[in-house]
Colleague: 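Here it is: the structure, laid out below.
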2 protein chains.
Amino acid sequence: MGVLEKVRPGRARAWIDTLPLDTILMRDCIEAMASLPDKCVDLIFADPPYNLQLGGDLNRPDGSHVDAVTDDWDKFDSLAAYDAFTRAWLTEARRILKDDGSIWVIGSYHNIFKVGSAIQDLGFWILNDIVWRKANPMPNFKGTRFTNAHETLIWASKGEKAKYTFNYRTMKTLNDELQMRSDWEFPICGGQERLKKDGHKVHPTQKPEALLYRVLLASTKPGDVVLDPFFGTGTTGAVAKRLGRHWIGIEREPGYVEAASERIAAALPLDESALTTMQAGKAAPRVAFGTLVENGYLTPGQKLTDARRRHHAVVRADGSLAAPDGQAGSIHKLGALLQGAPSCNGWSFWHYEDANGLKPIDALRQTWLLATQP
Amino acid sequence: MGVLEKVRPGRARAWIDTLPLDTILMRDCIEAMASLPDKCVDLIFADPPYNLQLGGDLNRPDGSHVDAVTDDWDKFDSLAAYDAFTRAWLTEARRILKDDGSIWVIGSYHNIFKVGSAIQDLGFWILNDIVWRKANPMPNFKGTRFTNAHETLIWASKGEKAKYTFNYRTMKTLNDELQMRSDWEFPICGGQERLKKDGHKVHPTQKPEALLYRVLLASTKPGDVVLDPFFGTGTTGAVAKRLGRHWIGIEREPGYVEAASERIAAALPLDESALTTMQAGKAAPRVAFGTLVENGYLTPGQKLTDARRRHHAVVRADGSLAAPDGQAGSIHKLGALLQGAPSCNGWSFWHYEDANGLKPIDALRQTWLLATQP
DNA sequence: CACCAGTGTGAATCCGAGT
DNA sequence: AACTCGGATTCACACTGGT
């Protein structure tokens, strides 16, 4: 069975066809989001502007325009205006995000604290902050500070209790069987990947595809809808297409839209087998312990122990276990009881003995799965 | 002439003797700061409560219990209450900071965005955000998020145009003649360094001395006054004493004050020669000898010799060496100078003495590599 | 003394489907 | 919405005790 077919089959897809999927909306970011329905996207990736020369975006809450940043008063004023801008687009983003979706925002120390503070105030629940360590950062030429060698990403769910997608096993596989950490190292975007026109870079802050690749692979499933409200030259769209995710881009500048369109048109989607391969460690169907007893993989009356033979139990006909002292329960419950532990995975705790020694009963489950799954 | 007398001779020192130098004020942090005069400290290092908002208990996969931060000092009624607390202590901190001083605050994603936002709103000017990459972070036991493997420090001056101390050359020397980056790697505080009482850790969040060492070495000069408004077990004080800086600690909990007092009393100040750091324009070490110093493999002030004990030198705090005749430089340069040779491999030339006799410092490098490389 | 196996632990917002 | 219970889930060090 392929990955694409089996994910999220029960999701309401009634209006998904009305969404401007896999297209760029060439409009103001807040206006464009306002045109989308509530709770319609699975993921938002945002790379908002952070220099204080925001042009039309940078207006005071009363609508008046903020002029150049020159003295302290203007600085304070523009900081407040940046706050207002940030809260405005995040509010729209929150409205169109599904309840089980999540949002990523990338920034530097110039803006990320304002962004993170607003994210918390609006009710999002921060899941991680991620550090992108630049393998080849620009040096600090004047020698006045530390080399600014990283950017920060914030990953947040819609609320404290909200569900969200995290492909734990995929990330662990990607990281050589160690848990993926919160610090990621990538080179900055350059070489062939960097979009250029007439010898000049098209966009000043084009993000590396590897970064988006990891973001989307970690927090979306195939077929999900990914929105990027500051699309730029479309890195998010290119990677989404490659990974079999739908995307919606919002970008006001015609030059960026043109570059992004060409770039995404040329991007090749991975075929399903490639996507399946990367989804290592897919969830196995649940197997009841009793099924193994029913099918003769274990016999009622058979003795089980833990790996160090400190605890013992006997298999009963109904798939429960009984300890010598009379305590009984499921493989998990009895394992927890005997250890005095809050919980226990009975599949790895309990062992049975065969000609080659002790083996976890999970081995029997695997045998059963191999024999019964296509 | 001692260090304290010769630095910053032009500075007004009229009231410095009235400051509670090198002592711990056992009071509420804001009250204690309110008792200090305007513009009286050169550096503030703050490790405020993170407002972790932890839920129920957490157990490791093996069933053992995670000893979490459950102290009352980390509990706040709401996000707004934490905001108010943050702005209150930062306001006092700003008042007592000299105009050419700077402030460091460390935090995690739970609080750092609130802190950074407040820092900007109060008129501080962020110079860098620094990432402390933990070499050995606690894993994410439930597989629900990325391993939270870093904390963030914000470094800010008092305003956009304000002067501040940054020992660029010292940092570059410490980092193998490469500019020091904004991402730093240190192990979490454990082992012998971790303060314990009756077998239990004294403080749940003791910071590693290596971290403070780099902070103070980067942004203060000998004789400066360093204030830590959340002193805890006094890492800041211990390192300040070691580096010849004055310190003022503020800590409300008597248990922490007692532990900090004992610890700092036992800390040894470095010899003055070890504190004289490389001046701008001096020569270039080619290896990260400074890392060994920073991590305690070698101590500033420690003596090195060549294999035949014909030449001698003293390790300095920034990873350079000083000979008895006043010549100084990297391990390679000083080795060459003393021998009258065109070049020298300092790693094999310089030796340190331990219980088993002389060993080349390269052995320490190998130990470090073994301890830090995968 | 060296080496190995076993144990303990660190600023952590740490489950989720089914009833 | 609250509750039950099946079952999935850990990395780097430091320290201890035995061979």
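Side chains included, hydrogens not; waters and symmetry mates left out as well; all remaining heavy atoms used. All chains are named by letter (A, B, ...) in the order of the sequence lines, taking the proteins before the strands, and each is independently numbered beginning at 1. If you're wondering where the values come from, they're calculated on a predicted model, not measured in any experiment.
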Colleague: Would you give a per-nucleotide map of nucleotides 14-19 of chain D, 5' to 3', where B means the base has a protein non-hydrogen atom under 4.0 Å away, S means only the sugar-phosphate does, and - means neither?
Modeller: SS----
Colleague: Report yes if a side-chain nitrogen or oxygen of Arg308(A) is closer than 4.0 Å to either non-bridging phosphate oxygen (OP1 or OP2) of dT7(C); otherwise report no.
Modeller: yes
Colleague: Does Lys134(B) get its side chain close enough to the base of dA11(C), under 3.5 Å, for a donor-acceptor pair?
Modeller: no
Colleague: Can you confirm whether the side chains of Arg316(A) and Ser320(A) place a donor and an acceptor under 3.5 Å from each other?
Modeller: yes
Colleague: Go through it in stages, so that I can follow the logic: the residues are Thr235(B) and Glu209(B), the test is side-chain hydrogen bond (donor to acceptor under 3.5 Å, both in side chains), and I'd like the CA-CA distance, side-chain angles, deciding distance and then a yes or no.
Modeller: CA-CA 6 Å; Thr235(B) 306; Glu209(B) 293 194 6; 5.9 Å; no
Colleague: Identify, with sequence neighbours excluded, every residue that meets ring pair (Phe, Tyr, Trp, His ring centres under 6.0 Å) alongside Tyr297(A).
Modeller: Trp368(A)
Colleague: Give the rounded distance in Å between these two atoms: CD1 of Ile188(B) and P of dC13(D).
Modeller: 10 Å
Colleague: Whole angstrom is fine here: how far is it from CG in Asn136(B) over to C1' in dA11(C)?
Modeller: 13 Å
Colleague: Which pairs, with at least one residue in residues 329-346 of chain A and sequence neighbours excluded, count as a side-chain hydrogen bond (donor to acceptor under 3.5 Å, both in side chains)?
Modeller: none
Colleague: Between Asn136(B) and Ile188(B), is there a donor-acceptor pair closer than 3.5 Å when you use the side chain of the first and the backbone of the second?
Modeller: yes
Colleague: When you get a sec, tell me which of dA11(C), dG7(D), dT9(D) is the closest nucleotide to the side chain of Trp347(A)?
Modeller: dG7(D)
Colleague: Among dT10(D), dA12(C), dA11(C), which is the nearest nucleotide to the side chain of Ala68(B)?
Modeller: dA12(C)
Colleague: I'd like to know if Arg169(A) and Glu177(A) make a salt bridge, using a cut-off of under 4.0 Å between side-chain N and carboxylate O.
Modeller: yes
Colleague: Please classify the nucleic acid contact of Pro208(B) as base, sugar-phosphate, or nothing, using heavy-atom distances under 4.0 Å.
Modeller: nothing
Colleague: Would you indicate, yes or no, if dG6(D) has its OP1 or OP2 atom less than 4.0 angstrom from a side-chain nitrogen or oxygen of Ser330(A)?
Modeller: yes
Colleague: Does this structure show an ion pair linking Lys75(B) with Asp72(B), if we count only N-O contacts that are shorter than 4.0 Å?
Modeller: no
Colleague: Is there a side-chain polar atom (N or O) of Arg194(B) under 4.0 Å from OP1 or OP2 of dA11(C)?
Modeller: yes
Colleague: Indicate, with a heavy-atom threshold strictly under 4.0 Å, whether Leu178(A) touches base, sugar-phosphate, or nothing.
Modeller: sugar-phosphate
Colleague: For Ile361(A) and dG7(D), what is the distance between atoms CD1 and P respectively, to the nearest whole Å?
Modeller: 10 Å
Colleague: How many angstroms lie between CD1 in Ile103(A) and CG in Leu153(A), if you round to the nearest 0.5 Å?
Modeller: 11.5 Å
Colleague: Using a 4.0 Å heavy-atom cut-off to protein, can you give one letter per nucleotide of nucleotides 14-19 of chain C, 5' to 3': B if the base is in contact, S if only the sugar-phosphate is, - if neither?
Modeller: BS-S--
Colleague: Say whether Trp155(B) and Tyr109(A), considering side chains only, have a donor N or O and an acceptor N or O under 3.5 Å apart.
Modeller: no
Colleague: Ignoring hydrogens and geometry beyond distance, is a side-chain donor-acceptor pair present between Trp247(B) and Thr236(B) at under 3.5 Å?
Modeller: no
Colleague: If I pick the P atom on dG7(D) and the same atom on dA12(C), what distance separates them, to the nearest angstrom?
Modeller: 30 Å
Colleague: Using whole Å, report how far CG of Asp62(B) lies from P of dA5(C).
Modeller: 19 Å
Colleague: With a 3.5 Å cut-off and just heavy-atom distances, do the side chain of Arg60(B) and the base of dG8(C) make a donor-acceptor pair?
Modeller: no
Colleague: Is the phosphate of dG6(D), meaning OP1 or OP2, less than 4.0 Å from a side-chain N or O of His332(A)?
Modeller: no
Colleague: Reading 5' to 3' and counting Watson-Crick or G-U wobble pairs with both distances under 3.5 Å, write the dot-bracket notation for DNA chain D, | for bases paired outside the strand.
Modeller: .|||||....|||||||||
Colleague: With no hydrogens and no angle check, is any side-chain donor or acceptor of Asn167(A) less than 3.5 Å from a backbone partner on Leu217(A)?
Modeller: yes
Colleague: Out of dT7(C), dA11(C), dA8(D), which has the shortest distance to the side chain of Asn345(A)?
Modeller: dA8(D)
Colleague: Separation of Asn356(B) atom CG from dC1(C) atom C1', in whole Å?
Modeller: 11 Å
Colleague: Ignoring the backbone of Thr205(B), work out which of dA11(C), dT7(C), dT9(C) is nearest its side chain.
Modeller: dA11(C)
Colleague: For the pair Glu185(A) and His150(A), evaluate side chain to side chain contact (heavy atoms under 4.5 Å, CB included) and give the outcome as yes or no after the intermediate values.
Modeller: CA-CA 9 Å; Glu185(A) 178 169 329; His150(A) 75 276; over 6 Å; no
Colleague: Measure CD/Gln206(B) against C1'/dT9(C) and give the value in whole Å, please.
Modeller: 14 Å
Colleague: At 4.0 Å (heavy atoms only), tell me whether Asp74(B) reaches a base, stays on the sugar-phosphate, or touches nothing.
Modeller: base
Colleague: Side chains of residues 118-126 of chain A: which donor-acceptor partners sit under 3.5 Å, not counting sequence neighbours?
Modeller:
residue, atom, partner, partner atom, Å
Gln120(A), NE2, His110(B), O, 3.4
Asp121(A), OD1, Lys114(B), NZ, 2.6
Asp121(A), OD2, Arg87(A), NH1, 3.1
Asp121(A), OD2, Arg87(A), NH2, 3.1
Asp121(A), OD2, Lys114(B), NZ, 3.0

Colleague: Using the P atom in both, what is the distance from dG6(D) to dC14(C), to the nearest Å?
Modeller: 23 Å
Colleague: Take atom P in dC15(D) and the same atom in dA11(C), then report the distance between them in whole Å.
Modeller: 15 Å
Colleague: What nucleotide, of dG7(D), dA11(C), dT10(D), holds the atom closest to the side chain of Ser343(A)?
Modeller: dG7(D)
Colleague: Pick the P atom in dT9(D) and in dA17(C), then give their distance to the nearest Å.
Modeller: 14 Å
